[in-house]
Amino acid sequence: MSARLSAHLTEKEAQLLLSLIQQGLCANKPELEVFQPLGLWLFSEDKKTLIASRRLLQLRQSINTDLDAVAAVLATLTELQTAWANIVAAQLNDAAARNDVNALSEQITNLGGGASFVLSQAFLSKRTGSSLKPTDFTVLENFAFGQGAEQNASYPKLLKALSTTAKLIDNSKKLITETNELSPIDEGDVKSHWLAQRLIELPLIMQANIKSHAKNDYHLNGLVQAPSSDLSDKEVIEWLVANPWAYLLAQIIYTQDMWRSEQVSGGLALEIDPSQIKHFMQPNTIQVVVTTNAGYEVSCGSLAELVLRVLDALDIHLLTSLKHPQQIEALNAAISPVIGYMISAKVWQFIEGSSQDIPQYKTHSSFARIPTSRLGTINFARPSKHIAAAIREQAQSWANELVGLKI
């Protein structure tokens, strides 16, 4: 897929692409339609808003900067692709003329799949000649690269852009047809919250200096408000529904409780190192320990790793530019203060136990009855069966994978 350049594509549209990458959504403009076959967004129901897709998040997480991602998307346009391939061809010809084998090899390696664009341009340049002259797209280039594409400072970025573009185009040919619209979140309808293809922000606890945190109708909000003291059952449910991360953590502890109540093989424990007992309201790391149906007790990894597995199973994606290892680290740190909120709301309970027991978290007795109450069934247990199922399935499969490696 190589699209023709819209005559009206300007820095304004490039800025919209940047907003989509950074914020997960942007206004829909007709000039952006040329990029639609790439599968980088979903539409809002009214078609006025573009919402970042998993494919766009994966693109951003695979490269270094937001502007690198913008450049890669722009390079899917035929005219830009040709102009930039022409500059690369000229640079490669220069390295070849200088017999600089090392530079030539490094540049071709960095170019990756983008070599096909340059090769096509090389055939044409036998007649027209490759050139390092400024292109007709200096405004877009200044936005994406900070200077014209012909400048030496732009060359590494050009190679990266064309390399990434080749992967984008190749992946667009493998797109599976799926729903390309996303309905807005209805705060009064929990079923509308945890839909497939939705994005969720990293947890962020409510503080005085972030009261202006912007919310939108399509992303699960990362901001977690501190619960009031002595909440009624109704207020607990309302707090959970209003705070997606608290809701998800409540689902994890609820799944643990339900699993244990079945009195069958297997189970889930959320443990901390004894050295963290004094910090149980804000632990460094919570360790997920799963007992398999076969009776193996497996220390699987951190709570953040389980959460990421569950979100992936739900086809819900963390809105971040971080690569997976950094996501785990950031999510563990961001979840940590939320644990204190879960305890304050009497949803989670910390069990220090005796000297023989490992400190861990379980369902608070005050919360245990709520999911089976009428209010809890309507707003917690029933609409989120798929979340509880994903938590259990991912915990089991994670443990089984690790046991399989050990045997």
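Hydrogens, waters and symmetry mates are skipped; everything else that's a heavy atom, side chains included, is used.
For Y361, the ring pair (Phe, Tyr, Trp, His ring centres under 6.0 Å) partners are W348, F350, not counting sequence neighbours. With sequence neighbours left out, the ring pair (Phe, Tyr, Trp, His ring centres under 6.0 Å) criterion links F367 to F380.
Sorted by first and then second residue, the salt bridge (Lys or Arg N to Asp or Glu O under 4.0 Å) pairs with a member in residues 233-255 read D233-R369, K234-E238; sequence neighbours excluded.
Salt-bridge formation is not detected for the pair E393/R309: no Lys NZ or Arg NE/NH1/NH2 atom is positioned less than 4.0 Å from an Asp or Glu carboxylate oxygen. Using a 4.0 Å cut-off between charged side-chain N and carboxylate O, K47 and E181 make a salt bridge. Between E262 and R392, at least one side-chain N (NZ, or NE/NH1/NH2) sits under 4.0 Å from a carboxylate O, which counts as a salt bridge.
H219 and D217 share no side-chain donor-acceptor pair at under 3.5 Å. Between the side chains of Q81 and T78, not a single donor N or O lies within less than 3.5 Å of an accepting N or O. No side-chain N or O of Q396 forms a donor-acceptor pair with one of T292 less than 3.5 Å apart. Using a 3.5 Å distance cut-off with no hydrogens or angles, the side chains of Y254 and S384 do not pair a donor with an acceptor.
Atom CD of Q147 has more than 12 heavy atoms from other residues, nucleotides or ligands within 6.0 Å. Around atom CG of D230, no more than 12 heavy atoms belonging to other residues, nucleotides or ligands sit under 6.0 Å away.
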Steps toward salt bridge (Lys or Arg N to Asp or Glu O under 4.0 Å) verdict (D66, R60) | CA-CA 7 Å; D66 300 328; R60 176 59 189 91; 2.4 Å; yes
